[in-house]
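To start, the structure under review is shown below, and the notes come after it.
Sequential numbering from 1 along the given sequence is applied to the chain's residues. Values below: every heavy atom of this structure, side chains too, minus hydrogens, waters and symmetry copies.
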Amino acid sequence: MPSKKTVATTVQKVSRSSKIPPALTAPRGVKTWREAVDWLKFRGIEDIECITPDLAGVPRGKMMPSSKFTSNTSLALPSAVYRHTISGEYPEETGQFRYEPRDSDLKLVPDLSTLSVVPWESDPTAQLICDVVGSTGENVAYAPRNVLKNVVDMYAERGWRPVVAPEIEFYLVAMNDDPDYPLHPPKGRSGRTILGGQGYSIAGINEFDELIDDIYHFSEKQGLEIDTLIHEEGPAQLEINLRHGDPIELADQVFMFKRTIREAALKHGIYATFMAKPMQGQAGSAMHIHQSVVDLKTGKNVFSNPDGSPSKEFFHFIGGMQAYVPKTLVMMAPYVNSYRRLTPEMSAPVNNAWGYDNRTTAFRIPVSDANSRRVENRLPSSDANPYLALAASLGCGLLGIMNASEPSPPTDEAANEGSIDLPRGLLEAVALLESDTELAKVLDPEFIGLYAGVKRGEFETFMQVISPWEREFLLLNV
């Protein structure tokens, strides 16, 4: 059995030879099943993981020998996979939330463009992301990848292509096997526990050099491209910025990056967490989304006029974000914990304002030239399913263009002072998602009903837990 090092060395040597087809040496993706067979054989792959994101963005799927994968095997998952909460429970049927009467199978359709190795496995293993269809090939509107694909297709119908660049924040924390105890930062190479206030600190990054090297190594082996990596304000809080590109490809990358970062951290005896607010009194973790739209024929930025000035589509996109993002916030802040991040004076917006280079607004317009004009959505948290967060954000902007929504005037002030202009909790956010009929133009009603039911189920699960705050202040005082 070849070791991972032997396989990697072989690939590097062979890639220098012009006689070997490029498809064999590419770290990520093939075009045909014939290329897939050769790609797997070339690397000595024994097992393959066929995965797809559930509503929470958790990988679900099946693992099998590569020989079985390439022998026209039919892959399926029960539809109930998309109807359980993050804790694995199945909510009661309410409103538009219904179970499929037969709990029939959904088919997994491998997307060969996502084929890559699993670099942290000891045995040669590959992975790929699958689309989900019904038993006869029909569209499954509530599968997260399909929700995003539907929004992207709506742009394509207008001759446009959305472009996104996510920024993902996360914390490194010391291992904790008892959920009753608070999380703490890990020790770095200095032997000391990492403190906060290390924004953009190179020394802060250097504390975890070996871990970061593994993140880069694992990413390179999977064909995932990191643009930059920085230390954020929180203790052992890092941020990875991805290069701009196609929304589905970038959602796939975020999906895979989360798994990659967790695995790299575990290798070093610590946890990586994408909880929105893992530690009390510290900044939360966001998934900022930079968005623009290009014309498919000309390649020009739709947000800019020929003379370089902002276009009407640019302002209508912002207007749509202001009007509809608060109503889809539950797709960007999906858990009870998410709303702990959205509090005043904690480096997160609590408004639906916009402004030029103003980080206190929900929708920031970065300094750029006309070709790079874009809108940064600063509301999503890093716990969000990337497919659903991107679908909601791009869908809201598109609704604004479709309805010629006018934005408010941009603000030059600190927009995080004063009242909170967003839902303050999960149930309020769920109700807003269900209440707006306009959203059905970009989000399938079946998805909205199913997603709302799961979120209500998660809230009921949360309400069964008695918190330390209740024991501290209510036990002997009331």
- Minimal heavy-atom distance between Gly284 and Glu169, with the atoms involved, is O-OE1, 3.6 Å
- Query: What's the shortest heavy-atom distance between Glu438 and Asn403, and which atoms?
  - Reply: OE1-ND2, 2.8 Å
- Message: Any donor-acceptor pair under 3.5 Å linking the side-chain atoms of Asp105 with those of Ser135?
- Response: no
- Please name all residues satisfying salt bridge (Lys or Arg N to Asp or Glu O under 4.0 Å) with Lys258, sequence neighbours left out, ordered by chain then number. none
- Query: Backbone N or O of Ser74 within a donor-acceptor pair of the Lys107 side chain at under 3.5 Å?
  - Reply: no
- Between Thr260 and Gln222, does any side-chain donor sit less than 3.5 Å from a side-chain acceptor? yes
- Message: Going by the rule salt bridge (Lys or Arg N to Asp or Glu O under 4.0 Å), which residues pair with Lys267 if we only count those two or more places apart in sequence or in a different chain?
- Response: Asp214
- Give the ring-plane orientation class for His84 versus Tyr90, where under 30° counts as parallel, over 60° as perpendicular and anything between as tilted. perpendicular
- Task: Give a yes or no on whether the ring-centroid distance for Phe303 and Phe314 is below 6.0 angstrom.
- Result: yes
- Query: Looking just at side-chain N and O atoms, do Asp252 and Tyr387 make a donor-acceptor pair shorter than 3.5 Å?
  - Reply: yes
- Query: Mind checking what makes ring pair (Phe, Tyr, Trp, His ring centres under 6.0 Å) contact with Tyr335, not counting sequence neighbours?
  - Reply: none
- Message: If you take the centroid of each ring, where Trp contributes its six-membered ring, are Phe69 and Trp33 closer together than 6.0 Å?
- Response: yes
- Message: Do Thr125 and Asp123 pair up side chain to side chain, a donor and an acceptor below 3.5 Å, judged on atom types alone?
- Response: no
- Of the non-hydrogen atoms in Trp39 and Ala126, which two are nearest, and what is the gap between them? CZ3-CB, 4.1 Å
